[in-house]
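Taking it in order: structure first as structure tokens, then the write-up.
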Amino acid sequence: MIQYDMFPLIKDILAMEPPGNNLVIRGWVRTKRDMKNLVFVEVNDGSCFNSIQCTFDGIPVPPDLSTGSAVEISGSLVFSPAQGQAVEIAAASIKVIGDAPAEEKNGIPPYPLQKKRHSLEFLREMPQLRGRTNTLAAVMRVRSRLSYAVHRFFQERGYHYLHTPVITGNDAEGAGSMFRVTTLNPSLADPGKNDYSKDFFGRETFLTVSGQLEAEAYAAALSRVYTFGPTFRAENSNTARHLAEFWMIEPETAFFRLPENMALAEDFLKYCFKTVLDECAEDMAFFDERIEKGLIGVIKSVAESAFVHITYTDAIKELEKVQNTKTFEYKPSWGCDLQSEHERFLTEELFMGPVIVTDYPKEIKAFYMKQNDDGKTVRAMDVLVPRLGEIIGGSEREENLERLEKRMTESGMNTERYSWYLDLRRYGSFPHSGFGLGFERLTQYVTGMANIRDVIPYPRAAGQLY
Ligand code: 4AD
Ligand code: MG
């Protein structure tokens with residue numbers, strides 16, 4: 001048996017009680033400081049926020065050892081005599097595994113991440129290296145922990161994890177902003193009218209915008225399901241909260257109506273907030289200090305207070321009340337979608353916290369939402385939060401076959417194409433509800449990161465494939 005516990009992580013070493021002999025540290029050099037006979041090398045392996053200080057007392061260190069180099073250091077764990085860390089490594093030897101020259105060498109440009117601070121824009125141009133910075137590493141650790149929390153939350157509540165397809169023939173949101181998937185050779189395709197019957201699947205196919213419709217089918221089989229996977233939107237919105245490829249969590253619950261769905265969404269968000277506070281304390285302290293002052297306090301208080309509920313109609317009334325004193329770019333009026341300035345007013349000024357807006361006009365929401373008896377609105381729910389606006393979108397689903405079919409036809413959809421979906425209303429139809437949480441927006445919210453491109457390892461956005 002090959003032993004792998006010979007490779008302790010820095011996180012584990014930092015948690016040990018000195019003295020600890022014959023330890024081996026492996027990671028990348030963050031800094032090196034020379035003081036007469038003493039050399040201090042800080043090594044980080046990304047296992048936790050902190051680096052470990054290795055002190056070389058009369059032990060030779062390669063003079064050109066530079067930031068970014070991969071090293072292996074042997075030594076013992078001792079109490080640190082200096083301030084700033086409880087323990088450190090009294091180093092006995094160092095081996096450079098892979099250097100990262102600070103100056104051009106053999107035609108290779110210098111390592112771009114020198115000790116100084118770099119802007120997030122600069123770092124975005126090098127997704128292959130930016131994970132080695134404090135900020136991006138902290139974001140990715142939090143992202144990983146949140147993913148785990150998502151599974152924990154739903155698994156503990158009787159939900160089954162459902163893998164919905166990435167390639168699909170459905171436009172789940174009926175919004176038309178889909179990426180086409182084809183193997184047709186463009187030069188063979190008739191420029192006027194492509195013959196998709198000759199395409200790989202014999203019909204038009206796309207990357208999914210949502211796994212909801214497929215999840216609904218399985219909610220009718222397993223009662224409680226959730227998806228957690230990549231979704232794709234070819235929207236040309238170049239904002240700090242839109243990506244062309246993002247991850248979405250979509251629970252779908254049999255027999256839930258809108259109130260239960262809202263309660264689940266609120267409970268789920270709070271669970272995620274508590275998870276990062278309890279399990280990512282070091283990284284959160286960094287975000288609170290360097291990215292968004294007061295972040296921890298805000299998340300704590302949000303995790304402990306009830307979300308405000310308001311109908312779309314009442315939200316519009318509130319916006320109309322202040323439109324003379326506030327300068328909105330878009331005039332709020334019943335029937336128009338809430339703009340991000342309206343969402344910000346509701347969450348940041350009026351209610352100062354998360355708000356769940358319900359019962360939107362049917363024209364501005366997707367075809368599958370349950371229609372209210374007023375004939376004008378649907379049982380939709382959007383969860384809005386300060387800074388970001390919409391973080392969750394969901395609804396109770398229309399379970400009545402005739403009403404759903406009528407709505408699809410009105411929306412210009414081909415009901416034959418969606419006959420499989422209508423089957424769910426033909427055979428054992430049932431009230432059910434669900435929602436979608438944008439995973440990057442959640443990560444943005446808890447880390448305070450301003451731009452969504454900095455909370456996913458390899459961002460994809462209109463015009464940008466980093
Ligand atoms: O409101 P949306 O479009 O809802 C759905 O897709 C439903 N099928 C969900 C459901 O009921 N099962 O998207 C849900 C969430 C949004 O609230 C937002 O957080 C996120 O997905 N989102 C995006 N995140 C990043 N970039 C984009 N382009 C996004 N579009 C939506
Ligand atoms: Mg939405």
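Scope of the values below: all heavy atoms of this structure, side chains included, with no hydrogens, waters or symmetry mates. Each ligand, and each atom within it, is numbered from 1 in the order the structure gives. Since this is a predicted model, take the numbers as computed values, not measurements.
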Check: For Tyr368, is the nearest heavy atom under 4.0 Å from an atom of ligand 1?
Finding: yes
Checklist line | Arg157 NZ/CZ over Phe268 ring centroid, <6.0 Å and within 45° of normal | finding: no
Next item on the list: Answer yes or no for Arg233: is there a heavy-atom contact with ligand 1 below 4.0 Å?
Entry: yes
Next item on the list: Take Glu440 and Trp247 through the side-chain contact (heavy atoms from CB on, under 4.5 Å) test and state the conclusion after the steps.
Entry: CA-CA 7 Å; Glu440 285 71 24; Trp247 286 64; 3.5 Å; yes
Notebook entry, point to check: For Phe154, is the NZ or CZ atom of Arg224 found under 6.0 angstrom from the centre of its six-membered ring and inside 45 degrees of the ring axis?
Noted result: no
Item checked: Sub-4.0 Å atoms of ligand 1 with respect to non-hydrogen atoms of Glu173 -> 3 (O), 4 (O), 5 (C), 6 (O), 7 (C), 8 (N)
Margin query: Quick one, Val385 and Arg441 - any side-chain contact, counting heavy atoms below 4.5 Å?
Written below: no
Next item on the list: May I ask you to list the atoms of ligand 1 that are less than 4.0 angstrom from any heavy atom of Ile391?
Entry: 17 (O), 18 (C), 19 (O)
Check: Purely on distance, is any nitrogen or oxygen of Val209 under 3.5 Å from one on ligand 1?
Finding: no
Note to self: Does this structure show an ion pair linking Asp278 with Arg145, if we count only N-O contacts that are shorter than 4.0 Å?
What the structure shows: no
Next item on the list: Spell out, as yes or no, whether a donor-acceptor pair under 3.5 Å connects the side chain of Glu173 to the backbone of Ser210.
Entry: no
Next item on the list: Nearest 0.5 Å please: distance from the OH atom of Tyr445 over to the CG atom of Leu437.
Entry: 12.5 Å
Next item on the list: Output the list of atoms in ligand 1 that are nearer than 4.0 Å to some heavy atom of Glu235, sorted by atom number.
Entry: 28 (N)
Notebook entry, point to check: Has Gly394 got any heavy atom lying under 4.0 angstrom from an atom of ligand 1?
Noted result: yes
Notebook entry, point to check: Nearest to the Mg ion (ligand 2), which N, O or S atom of Glu390 do we find?
Noted result: OE2
Note to self: I need the atoms of ligand 1 closer than 4.0 Å to a non-hydrogen atom of Ile392, numbered in the order shown.
What the structure shows: 17 (O)
Notebook entry, point to check: For the ring pair Phe228 and Phe439, is the centre-to-centre distance below 6.0 Å?
Noted result: yes
Item checked: Close-contact set for ligand 1 against Met248 heavy atoms, below 4.0 Å -> 6 (O), 13 (O), 14 (C), 15 (C), 21 (O)
Check: Is there a nitrogen or oxygen of Gln212 sitting under 3.5 Å from a nitrogen or oxygen of ligand 1?
Finding: yes
Item checked: Where ligand 1 meets Gly438 - atom numbers and elements under 4.0 angstrom, heavy-atom basis -> 15 (C), 19 (O), 20 (C), 21 (O)
Check: Quick one: which ligand 1 atoms are inside 4.0 Å of a heavy atom on Phe435?
Finding: 9 (C), 10 (C), 11 (O), 12 (N)
Item checked: Phe246-ligand 1 polar pair, N/O distance under 3.5 Å -> no
Next item on the list: Look at atom 16 (C) of ligand 1 and say which protein heavy atom is nearest, naming residue and atom and giving the distance to 0.1 Å.
Entry: Glu390 OE2, 3.2 Å
Margin query: Please confirm whether Arg397 approaches ligand 1 to less than 4.0 Å, judged on its heavy atoms.
Written below: yes
Check: Nearest heavy atom to atom 27 (C) of ligand 1: which of Leu384, Thr231, Leu243 does it belong to?
Finding: Leu243
Next item on the list: State whether Asp45 and Arg26 are salt-bridged, where the test is any N-O pair (Lys NZ or Arg NE/NH1/NH2 against Asp/Glu carboxylate O) under 4.0 Å.
Entry: no
Next item on the list: Please determine if the Mg ion (ligand 2) has an N/O/S atom from Asp382 lying under 2.8 Å away.
Entry: no
Note to self: Show the nearest heavy-atom pair for residues Met408 and Tyr418, with the distance to one decimal.
What the structure shows: CE-CB, 3.3 Å
Next item on the list: Step through it carefully: locate the ring centre of His342, locate the ring centre of Tyr330, and say whether they are under 6.0 Å apart.
Entry: no
Check: Taking Asp199 for the side chain and Thr183 for the main chain, is one N or O donor matched with an acceptor at less than 3.5 Å?
Finding: yes
Note to self: So, regarding Ser395 and ligand 1 (criterion: nitrogen or oxygen to nitrogen or oxygen, under 3.5 Å), is there a contact or not?
What the structure shows: no
Next item on the list: Check Thr227, Asn170, Thr208 against Glu214 for a side-chain hydrogen bond (donor to acceptor under 3.5 Å, both in side chains) and give me the one that passes.
Entry: Asn170
Next item on the list: Look at ligand 1 and say whether Arg241 reaches it with a heavy atom at a distance under 4.0 Å.
Entry: yes
Margin query: Students should be able to answer this: which protein heavy-atom is nearest to atom 18 (C) of ligand 1, and at what distance?
Written below: Arg441 NH1, 3.4 Å
Note to self: For the aromatic rings, using the six-membered ring if either is Trp, is the centroid distance between Tyr226 and Tyr161 under 6.0 Å?
What the structure shows: yes
Next item on the list: Identify, for atom 12 (N) of ligand 1, the protein heavy atom at the shortest distance, and state residue, atom and that distance.
Entry: Glu250 OE2, 2.7 Å
Margin query: Give me the nearest non-hydrogen protein atom to atom 15 (C) of ligand 1 as residue plus atom name, then the distance to 0.1 Å.
Written below: Gly436 O, 3.6 Å
Note to self: When you measure from the heavy atoms of Val383 to every atom of ligand 1, does any distance fall below 4.0 Å?
What the structure shows: no
Margin query: Closer than 4.0 angstrom, basic N to acidic O: yes or no for Glu282 and Arg141?
Written below: no
Notebook entry, point to check: At a 4.0 Å threshold, what atoms of ligand 1 neighbour a non-hydrogen atom of Gly393?
Noted result: 1 (O), 9 (C), 10 (C), 11 (O), 17 (O)
Notebook entry, point to check: Under 4.0 Å from ligand 1, counting heavy atoms only, is it the side chain of Ile452, its backbone, both or neither?
Noted result: side chain
